[in-house]
Engineer: 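Supplied in structure tokens, the structure appears directly below.
Numbers restart at 1 for each chain; the letters A, B, ... are given by sequence-line order, proteins then strands.
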Amino acid sequence: MSQLEIKNLHVSIADKEIVKGLSLTIKGGEVHAIMGPNGTGKSTLSKAIAGHPDYTITSGEVLLDGVSILEKEADERARAGIFLAFQYPSEIPGVSIANFLRAALQARLADGEEIDASGYYKRLYAKMDLLKIDRKFTSRAVNDGFSGGEKKRCEILQMAMLEPKVALMDETDSGLDIDALRIVADGVNTMRGPGLGVLLITHYQRLLDYIVPDYVHVMYDGRIVKSGDKNLAHELEAKGYDWIKKELASAKA
Amino acid sequence: MKPPTETDILPDSAETAAMENPAVGIDQSAGNFSYNMEYAFDAGTGLSEDTIRYISSVKKEAPWILEFRLKALKKFFSMPMPTHWATKDLENIDFQKIRYYLSQGQKPKRTWDEVPDDIKKTFERLGIPEQERKFLAGVEAQFDSEAAYSNIKEIVSKQGVIFVNSTEGLREHPELFKKFFGKVIPTGDNKFSALNSAVFSGGSFIYVPPGVKVAQPLQAYFRINAENFGQFERTLIIADEGSEVVYMEGCTAPKFSTSTLHSAVVELVALKGAKIQYITVQNWANNVFNLVTKRGIAHEDAEIKWIDCNIGSRLTMKYPGVVLKGERARGEVISIALANDGQHQDTGAKMVHAANNTTSNIVAKSISVGQGRSTYRGVVHIPKHLKGCKNNTECDALLINTNSRTDTYPAISVRGDKNSTQHEASVSKVSEDMIFYMQQRGLTEGQAMSLAVNGFINDLARQFPMEYSVELKRLIDLEMEGSVG
């Protein structure tokens, strides 16, 4: 079973520390949700783990199955099994989803090995059927002119095809109406299983009605300040984040 | 008329940026090789009347051709370099250090078996897949000055199509070719067309009889294979009334330390209702000056389409043109240019409307990588007395690094009020976020860039025949592989 260990992680952007000592272990089969107010470093955490060049890890460790990934380039981390579902996925004009995914899978093969085209399409169509995605979808250019819902659906399809060990889902629910949210949640739920660990980053409890997490963590000022089960999410929904801030303030005093 | 605009994207600290972003390496190893060939005829280096007389005598040309060449040489010497509008880099060409004629012999080979093994090896090195080699059976491939291999498909000759090299064309079929030779592009059109007219050898002469639709594209494969040797092929394609033909040329060249010059002239004549499509995919080594004049004349209801893809070279200057001479004639230029470090792609199109209800379409896409520079120059001319003429021009530029440069100089002159024209231009960049997104899916930085570039030109690449778009993709992959810093 796979496992992602984040140990006392510190992350800076342009010398400003955003993540200030965060530790978390995600095992295969587990779904962790990280919630918290805006600007507490949730997105920074996911991008730093994925290896975005703008984010500097100043100290701490990230291990995938016991092996540090921090020396690896973003593409090596991806091939090792880290998947980031983007909050704002980029558009790639002129490159169809089918060709993009094919290139991504080809990149995972050894030199000289060629992807089997008919096997690839068979698998792609099977995944699309599973996720209830129209066949025409993959001939469109990646995210080019997509609605918010289509972009998220595209992310989910990529995740299904690339079969990561760990999926970091950054505000996957932002900008989605209830139908789109359900499609995304169904997709993630379909993929849930011992082979996949999930980190859901979300601002709202709403998504967690559809993807029920095993653990809920509250992130504030660059750290996890409170952890619990799914009931913590309901508590946050009812009471907001202020009581946590107050708790923290009184603990400090 | 719109004034020329300049989109010059250079950061304030271009120099520092260049320092921080060290030379973008270009892996042109796929073209970086040469084999020993024994040249049966060699005109030596330098350019004089003697060179011309030598070339003409080796080719056993008729006196009128020698006259044509000698006049052209005078013209060439008398004309100034076009540096008042073009890059000063042209002044670095030393015409006395160039070889103007090399040949392995006069008679083109007719079958694959007769092709020298060295040349077969070259095809192999270029990574042409097995099934494409079969395709090459129908290819007119030029190695150095003359066609080393020429196998005219039986079906083509059965249809009465003449597909020969320039020497054979002028010698065996003067009645067909003399009428149009040097008429679409007069000797004195520009300094380099004059040079070509003086020293030309190789190239294809094609005549397609009335009503004949040539089913498969006719191909030529060019490659420079001797240091300091300039290649000056001459192509003339005549499509008689109602006929149709597609011609394809591709070039890869070995890399040499000193400059080489390629200066071709290509003339197309589409008679009433005829269609000609001329496709080029080229990848010159980055020390080659590629200065080519291409123009076609489209008569009534005729159609000429240039699909032109320029990768590599030190400097490419090429503006395929169509003179729309007859009513309802159509002209089109689809152009892709990729300028990597140390390269300047100065390309564009010319559309001269000379009859009513003529239409022209120009779509140009350029990619500038590192310190590569792309320039678009376009001329569209619709005179006042015409009516019902239409032009559409689109220029899109993609920048891969902040210190890339792109310029656009469209000159559209539309007189009178019974014609229409539209012009669109865009400049976009491959953003860091886009590259990160693709890397996050497992693609290396080079693969990501390559995919972004292929996506940018995808709508144009689709117009290429299958095997050429495969080759184009391979060339772009090679270019982008080394372009990550």
Engineer: Does B/Gly442 offer a backbone N or O that forms a donor-acceptor pair with the side chain of A/Arg79 under 3.5 Å?
Structural biologist: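 Yes; at least one donor-acceptor contact below 3.5 Å.
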Engineer: So which heavy atom on B/Leu443 is nearest to which on A/Asp75, and how close?
Structural biologist: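 Nearest heavy atoms, B/Leu443 then A/Asp75: O-CB, 3.0 Å.
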Engineer: Please classify the contact of B/Asp433 with chain A as side chain, backbone, both or neither, using a heavy-atom distance under 4.5 Å.
Structural biologist: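 For B/Asp433, heavy atoms of backbone and side chain both lie under 4.5 Å from chain A.
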Engineer: For the pair B/Gln440 (side chain) and A/Ala85 (backbone), establish whether a donor and an acceptor sit closer than 3.5 Å, ignoring hydrogens and angles.
Structural biologist: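 It does not hold such a pair.
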Engineer: So, A/Asn143 and B/Tyr437: side-chain donor and acceptor under 3.5 Å apart, yes or no?
Structural biologist: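 A pair is found: one side chain offers a donor N or O, the other an acceptor, under 3.5 Å apart.
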Engineer: Flag the pair B/Glu432 / A/His52 as yes when at least one side-chain heavy-atom distance between them is below 4.5 Å, and no otherwise.
Structural biologist: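 They are in side-chain contact.
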Engineer: For A/Thr58, enumerate each residue passing the side chain to side chain donor-acceptor pair (under 3.5 Å) test, keeping only those at least two apart in sequence or located in another chain.
Structural biologist: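 A/Thr58 satisfies side chain to side chain donor-acceptor pair (under 3.5 Å) with no other residue.
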Engineer: Do B/Met438 and A/Ile92 have side chains that approach each other closer than 4.5 Å (heavy atoms only, starting at C-beta)?
Structural biologist: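 A side-chain contact under 4.5 Å exists here.
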Engineer: Can you say whether A/Pro164 sits under 4.5 Å from chain B via the side chain, the backbone, both, or neither, judging by heavy atoms?
Structural biologist: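 Contact with chain B: none, neither part.
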Engineer: Contact part of A/Ile82 toward chain B, heavy-atom cut-off under 4.5 Å: side chain, backbone, both or neither?
Structural biologist: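 The answer is both parts of A/Ile82.
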Engineer: So for A/Asp144, is it side chain, backbone, both, or neither that comes closer than 4.5 Å to the heavy atoms of chain B?
Structural biologist: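 A/Asp144 has no heavy atom closer than 4.5 Å to chain B.
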Engineer: Where on A/Glu91 is there a heavy atom nearer than 4.5 Å to chain B: the side chain, the backbone, both, or neither?
Structural biologist: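 The backbone, not the side chain.
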